[in-house]
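As structure tokens, the structure follows; a few thoughts come after it.
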Protein chains: 2
Amino acid sequence: MARAGITPERLTVAAADLADEVGFEAISLAALARGLGVKDASLYSHVAGLGDLRTRVTVLALAELADLLADAVAGLAGKDALKAFATTYRHYALAHPGRYTAMQQELDPATLAASAAPRHGELVRAVLRGYGLADPDETDAARLVLSTVYGFLGLETSGGFSHHPRDLGTSFERSLDALDHALRSWA
Amino acid sequence: MARAGITPERLTVAAADLADEVGFEAISLAALARGLGVKDASLYSHVAGLGDLRTRVTVLALAELADLLADAVAGLAGKDALKAFATTYRHYALAHPGRYTAMQQELDPATLAASAAPRHGELVRAVLRGYGLADPDETDAARLVLSTVYGFLGLETSGGFSHHPRDLGTSFERSLDALDHALRSWA
DNA sequence: CTCCATAAACTAGGGGTTCTAGGTTTTCAC
DNA sequence: GTGAAAACCTAGAACCCCTAGTTTATGGAG
């Protein structure tokens, strides 16, 4: 029988694409194998199991988003950097709902440390560099910024804001304005 | 055979408790039936299926938290109300991780509207009443506050902040201070 | 107190999933 | 070519959800 040319990387991308279509919780090795014209047991040559594949998807999503964020923020500072960071984050979350919910998956500390998650933190710190905060304050501010962006998109994608007609994009903009104001006068 | 005295409510509470122990994603009708000394098929007399049970757990969690928030905020205004709201939210999330992740479940619009989720929004609005914001601004500010609290706890519980030694409780406090400052000078 | 209707439990089984164990075939390096 | 490793297969165990039909306990009506 002809080989399907499966690699762990291609399998992970296929899983991520499937997650964007049907939801991260709904991905299964069986469905993936069907899509690739292969028996499900064959996938164990490339991946240690469903759990392994799921963590690979979240690691992939973290890395993809970190790359996009780094590009978006490069050369910017202050409010411009903050807005570029946040809108890039938002576009990714809305365009890739499965990958985004994958990013909310808990990872064990080792793979978390080896993933692009620390880069996210560093990027937020780079954005905050323009606001001139000393070290414990910078950590607190970075957590505030990441929490707000992450939380807004979590609520937006899960429908938590849907009961009010106010446009979500402008609410997001106003929240960033308020965040910028809070950062400039942190003390 | 003796009856087990199961009701939809007791079953939902048992599922929520199980979720707090093993994680919301890991709850199963089979495990629940074993715990109650009953065959899994018997649970279909009380609940329409696993999906139904899961939405019942999120509705329960939303209602529990809304009650706690209402008590905590009663009689307070301004920064005191904001801190009471946020710390109550945080205590609930940390004490009941399964229930909290249940709250991140997407609900269909009808059950969402019938749940306590709108009450959460109203409670945030009540907190903001002390800041004197006009209507489109109040909506934006409410979304900002809810996003920040919700996002911080999502990141905290999923380990997203664990790579830095800074105490999370004080980071949370500082974020609330910054939020209060942003609300007072909303512009 | 008996009887009956209803609700709560049961048994049996289909279909789905993950994952393991072991066998076969393809591919590639030598 | 040949041998070895990797990719794929079949077969099957162990779960899980859910349906269908059956039995049993409960509580109210007569």
Side-chain angles (χ1 to χ4, degrees), chain A residues 1-60 98-99 101-102 104-108 111, chain B residues 1-60 98-99 101-102 104-108 111:
Chain A
M1 183 145 296
R3 305 230 172 157
I6 302 171
T7 66
E9 289 74 23
R10 285 191 49 197
L11 193 52
T12 305
V13 172
D17 291 344
L18 182 62
D20 283 336
E21 284 175 23
V22 304
F24 180 67
E25 312 301 332
I27 71 174
S28 72
L29 291 177
L32 229 35
R34 278 193 296 270
L36 294 167
V38 144
K39 298 298 171 185
D40 59 340
S42 305
L43 300 181
Y44 287 82
S45 303
H46 307 282
V47 151
L50 180 62
D52 179 33
L53 181 64
R54 287 166 64 102
T55 75
R56 280 172 192 266
V57 172
T58 96
V59 167
L60 170 73
R99 284 168 160 89
T101 62
Q104 338 216 140
Q105 267 290 316
E106 215 166 330
L107 294 182
D108 65 294
T111 58
Chain B
M1 184 145 295
R3 306 231 171 154
I6 301 170
T7 66
E9 289 74 23
R10 285 192 49 196
L11 192 53
T12 305
V13 172
D17 292 345
L18 182 62
D20 283 336
E21 285 175 23
V22 302
F24 181 66
E25 312 302 332
I27 71 174
S28 72
L29 291 177
L32 229 36
R34 277 193 296 271
L36 295 168
V38 145
K39 299 296 172 187
D40 60 342
S42 306
L43 301 181
Y44 287 82
S45 302
H46 307 283
V47 152
L50 181 63
D52 179 34
L53 182 63
R54 287 166 64 102
T55 75
R56 279 172 192 265
V57 172
T58 96
V59 168
L60 171 73
R99 284 168 160 89
T101 62
Q104 337 215 144
Q105 266 291 317
E106 216 166 330
L107 294 182
D108 64 296
T111 59

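Only a predicted model underlies this, so the values are computations on that prediction, with no experimental measurement involved. Just so you know, these numbers use all the heavy atoms, side chains as well, and skip hydrogens, waters and symmetry mates. Just so we're on the same page: letters track the sequence lines, and every chain starts at 1.
For A/D20, the side-chain hydrogen bond (donor to acceptor under 3.5 Å, both in side chains) partners at least two apart in sequence or on another chain are A/H96, A/R99. In this structure A/V59 satisfies the side chain to side chain contact (heavy atoms under 4.5 Å, CB included) test together with A/L107, A/S115, sequence neighbours excluded. By the side-chain hydrogen bond (donor to acceptor under 3.5 Å, both in side chains) test, B/S45 pairs with no residue at all, sequence neighbours left out.
OP1 or OP2 of C/dA9 sits under 4.0 Å from a side-chain N or O of B/H46.
The side-chain contact (heavy atoms from CB on, under 4.5 Å) with B/T12 is formed by just one residue from the set B/D17, B/T7, B/L53; it is B/L53.
Listed in residue order, the members of residues 49-59 of chain A having a heavy atom less than 4.0 Å from DNA chain C are A/G49, A/L50. For the segment residues 35-42 of chain B, the set of residues with a heavy atom within less than 4.0 Å of an atom of DNA chain D comprises B/D40, B/A41, in numerical order. DNA chain C is contacted by A/S28, A/L29, A/A30, A/R34 of residues 11-34 of chain A, taking any non-hydrogen atom closer than 4.0 Å.
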(request) Could you walk me through whether B/T55 and B/T111 pass side-chain contact (heavy atoms from CB on, under 4.5 Å), step by step? (result) CA-CA 9 Å; B/T55 75; B/T111 59; 5.7 Å; no
Indicate every side-chain donor-acceptor pair of residues 23-40 of chain A with a distance under 3.5 Å to a residue at least two apart or in another chain.
unit_1: A/S28; atom_1: OG; unit_2: A/A31; atom_2: N; d: 3.0

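The nearest pair of heavy atoms linking A/H46 to A/I6 is CE1-O, 3.1 Å.
Note: A/D52 CG to A/L43 CG = 11.5 Å, rounded to the nearest 0.5 Å.
Remark: P of D/dC18 and OH of B/Y44 are 4 Å apart, rounded to the nearest angstrom.
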